[in-house]
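Both counts, for ligands and for their atoms, begin at 1 and track the order of listing.
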Amino acid sequence: MTERLNHYIGGVAVGPSSGEFFTSTNPATLTSLYEAARGNAEDVDRAVAAARAAFESSSWSRLSPTKRGRLLRNLGDLIGENAEELARLESVDNGKLIREMRGQMAALPEYYYYYGGLADKVQGAQIPTASYDVLNYTQREPLGVVGAITPWNSPLTLTTSKIAPALAAGNTVVIKPSEHTSRTVLRLAELATEAGFPDGVVNVVTGFGAEAGAALVSHPDLAKISFTGSTQTGSRIASEAASRFIGCTLELGGKSPNIIFEDADVANAAMGVIAGIYAAAGQTCIAGSRVFAHKTVYDELLDLVTARARTIRIGDPLADSTELGPLAFADQLAKVESYVDIGVAEGASVHAGGKRPDLDLPGYFYAPTVLTDVDNSMRVVREEIFGPVAAIMPFETEDELVGLANDTEYGLAAGVWTQNLARAHRVARRLDAGTIWVNTYRAMSPMSPRQGFKNSGVGIEHGLESMNEYTRLKSIWINTDEGAAPDPFMMRN
Ligand code: NAD
């Protein structure tokens, strides 16, 4: 019988109030993996109540920040000890390569160590106001119950980007993972209990976006929503948050340019293009899906990228030698196929790929694809495909390039390949994106803040700055003058 996974609420597994479960499938083999609880508003209500009770209980609210930090570091250690298990569970659930997931799991403890170290460094300031007799100081307080809604492409990493700073700042959390990848986030919650977090501090309700997700966002006891996913869903969540005046951090879609100047090391740049669009089968928000190559290096770059794209080893994501796994589920494959058809109908040429590969496995595989004869007017260049499809375009001047690269609704990331130091800094400044990589791509660290510009997001994840996303700032005024009260009709300072 297929294994059944329940919600995780108040430190224990809790069955769905509806009694309903849904199936998760391995996208490489199309075999059933497990059934997860189908959460609804009642389940969300239980989880938020557990999180609220934990937030108010002295075992969490009075815990010293240093001890909170230690719990985070314990959790980091446990993730490290269970890294291989977590990597395998995630790889079979979303089809990402085991080598990619091993890399992510190896990096994950660092997030908990980093934010664990910050837990007792969240401090206010003494403000030098105009009045000698007033002591004014600020303090940063946790918000309360934070909702974290995450996608399927890197479930634990993207959940961690939210909950590590949220917990370090003293909040409690309710996580709603993607319906495509429930398992590892449930395992993370169990590890949090094992690490010593009080019951109710970390809760997980599994289920669908329109049911469990929407119920979480609209729950009256939620203090903040932190979301990673599509721009379309993010917009809906932002409207709901705005209607209730709660904060939201949104990490959304992208259509990032990867730019190769005439003075670049073209062989390295070609590998950067491959990393940007074919790693993780292009299923990353930061995919370098728009490739701009200077006209003098365009042919060389195209040849190098195409040659490598055609030799990428496609297959079982659990095999160490595999370089490209399947797309995560049937709709993802259908979406990628339909975008390539749209591109061809718009006049694009399929220079490589453009079809499903011949494989022994039945899963949702799609060959690494290169589209040429494309420009910024086409949907394949404007819209996020979220698959292994690169659109490669020539440009002539730096000014033209900056215009083309910024001509997008998104602003998540950009890659720049050049040996010219002045150009690297100049173009990095002119690009309208929250993360710029020069002579590298897809580099990430818990210490380095990232923000989506334009339709790619609101607020900051990672780094010192993201701690502020999970606190509120209180300003406290103490009058130290015990003499007669001043004129009541004048503003005081
Ligand atoms: P999605 O928006 O479909 O779903 C994301 C999450 O939101 C899921 O848990 C889903 O169940 C939930 N959800 C859906 N509808 C909801 C609703 N009405 N109310 C509340 N929750 C709802 O996105 P996806 O397909 O899971 O993920 C892919 C998208 O995520 C891509 O656009 C990608 O660019 C983006 N992404 C962004 C980043 C980033 O850091 N900027 C990282 C990874 C992925």
Can you find a heavy atom in the side chain of Lys96 that is under 4.5 Å from one in the side chain of Asn153? yes
Side-chain donor-acceptor pair under 3.5 Å between Glu190 and Tyr8, yes or no? no
Hey, is atom 34 (O) of ligand 1 touched by any protein heavy atom at less than 4.0 Å? yes
Would Lys454 and Glu409 pass as an ion pair if we require N to O under 4.0 Å? no
Any atoms of ligand 1 less than 4.0 Å from a non-hydrogen atom of Gly253? List them with their elements. 32 (O), 34 (O)
Tell me whether Tyr278 contacts the main-chain N or O of Glu323 through its side chain, where contact means a donor paired with an acceptor under 3.5 Å. no
Can you tell me the protein heavy atom closest to atom 44 (C) of ligand 1 and the distance? Asn153 ND2, 3.5 Å
For atom 32 (O) of ligand 1, the protein heavy atom that lies nearest, with its residue and separation: Glu384 OE1, 2.6 Å
Heavy-atom pairs closer than 4.0 Å: do any link ligand 1 to the side chain of Pro177, the backbone, both, or neither? backbone
Please report whether the ring centroid of Trp152 lies less than 6.0 Å from that of Phe329. yes
Check the surroundings of atom CD in Gln232: do more than 12 heavy atoms from other residues, nucleotides or ligands lie under 6.0 Å from it? no
Of the backbone atoms (N, CA, C, O) and the side-chain heavy atoms from C-beta on, which set of Arg236 has a member under 4.0 Å from an atom of ligand 1: side chain, backbone, both, or neither? side chain
For ligand 1 and Ser456, I'd like to know whether there is a polar contact (N/O to N/O, distance under 3.5 Å). no
Would a 4.5 Å heavy-atom cut-off, applied to side chains only, mark Ile259 and Phe395 as touching? yes
Think Arg4 forms a cation-pi with Phe21, using NZ or CZ under 6.0 Å from the six-ring centre and within 45 degrees of its axis? yes
heavy-atom search around atom 24 (P) of ligand 1 in the protein gives Trp152 NE1, 3.4 Å
Which residue and heavy atom of the protein sit nearest atom 12 (C) of ligand 1, plus the separation: Ile149 CG2, 3.6 Å
Keeping Asn82 on the side-chain end and Leu78 on the backbone end, is there a donor-acceptor pair under 3.5 Å? yes
Checking a contact table here: which protein heavy atom is nearest atom 42 (C) of ligand 1, and how many Å away? Cys285 SG, 3.0 Å
I'd like to know whether Arg382 forms a salt bridge (charged side-chain N to carboxylate O under 4.0 Å, His left out) with Asp407, so could you lay out the CA-CA distance, the side-chain angles of the two residues, the decisive distance to 0.1 Å, and finally the verdict. CA-CA 9 Å; Arg382 304 206 73 81; Asp407 175 23; 3.1 Å; yes
Of Asn94, Asp93, Thr2, Val92, the residue whose pairing with Ser24 passes side-chain contact (heavy atoms from CB on, under 4.5 Å): Asp93
Among protein heavy atoms, which lies nearest atom 27 (O) of ligand 1, and at what distance? Pro151 CB, 3.3 Å
Taking heavy atoms and a distance under 4.0 Å, where does Glu461 meet ligand 1: side chain, backbone, both or neither? neither
For atom 2 (O) of ligand 1, tell me which residue out of Ser218, Ser230, Ser235 has the closest non-hydrogen atom. Ser230
Please work out, at 4.0 Å between heavy atoms, whether the side chain, the backbone, both, or neither of Leu158 comes within that distance of ligand 1. side chain
Polar contacts were defined as any N/O atom of the residue lying under 3.5 Å from an N/O atom of the ligand; does this apply to Gly209 and ligand 1? yes
To which protein heavy atom is atom 16 (C) of ligand 1 closest, and what is the distance rounded to 0.1 Å? Thr233 CG2, 3.4 Å
Taking distance alone, with N or O pairs closer than 3.5 Å, would you say Thr228 contacts ligand 1? no
Thr29, Leu97, Ile98 screened by side-chain contact (heavy atoms from CB on, under 4.5 Å) with Leu318, the one that passes: Ile98
Counting heavy atoms under 4.0 Å, the part of Ile286 that contacts ligand 1 is neither
Are Tyr111 and His462, when compared by the centres of their aromatic rings, separated by less than 6.0 Å? yes
Side chains of Leu167 and Tyr115: closer than 4.5 Å at any heavy-atom pair? no
Measure Leu216 to ligand 1 on non-hydrogen atoms and call it side chain, backbone, both or neither using the 4.0 Å cut-off. neither
Contact check: Thr231 vs ligand 1, nitrogen or oxygen atoms, below 3.5 angstrom: no
Between Phe453 and Tyr410, is the gap from one ring center to the other below 6.0 Å? no
So is Glu240 in contact with ligand 1, going by heavy-atom distances below 4.0 Å? no
Kindly say whether Ala41 contributes a backbone atom to a donor-acceptor pair with the side chain of Glu211 at under 3.5 angstrom? no
Atom 20 (C) of ligand 1 has as its nearest protein heavy atom Gly213 C, 3.3 Å
Using a plain distance cutoff, I'd like to know if Thr284 has any nitrogen or oxygen under 3.5 Å from a nitrogen or oxygen of ligand 1. no
With heavy atoms under 4.0 Å as the rule, classify the contact between Arg450 and ligand 1 as side chain, backbone, both or neither. side chain
Please say whether the positively charged group of Lys224, taken as NZ for Lys or CZ for Arg, lies over the ring of Tyr470, i.e. under 6.0 angstrom from the six-membered ring centre and within 45 degrees of the axis. yes
Answer with yes or no whether Ser178 contacts ligand 1, where contact means a heavy atom under 4.0 Å from a ligand atom. yes
contact_flag Ala214 ligand 1 heavy-atom lt 4.0 Å: yes
If you measure every N/O of Leu412 against every N/O of ligand 1, is any gap under 3.5 Å? no
Taking distance alone, with N or O pairs closer than 3.5 Å, would you say Leu252 contacts ligand 1? yes
Ligand 1 to Thr150, heavy atom cutoff 4.0 Å, flagged ligand atoms 6 (C), 8 (C), 9 (O)
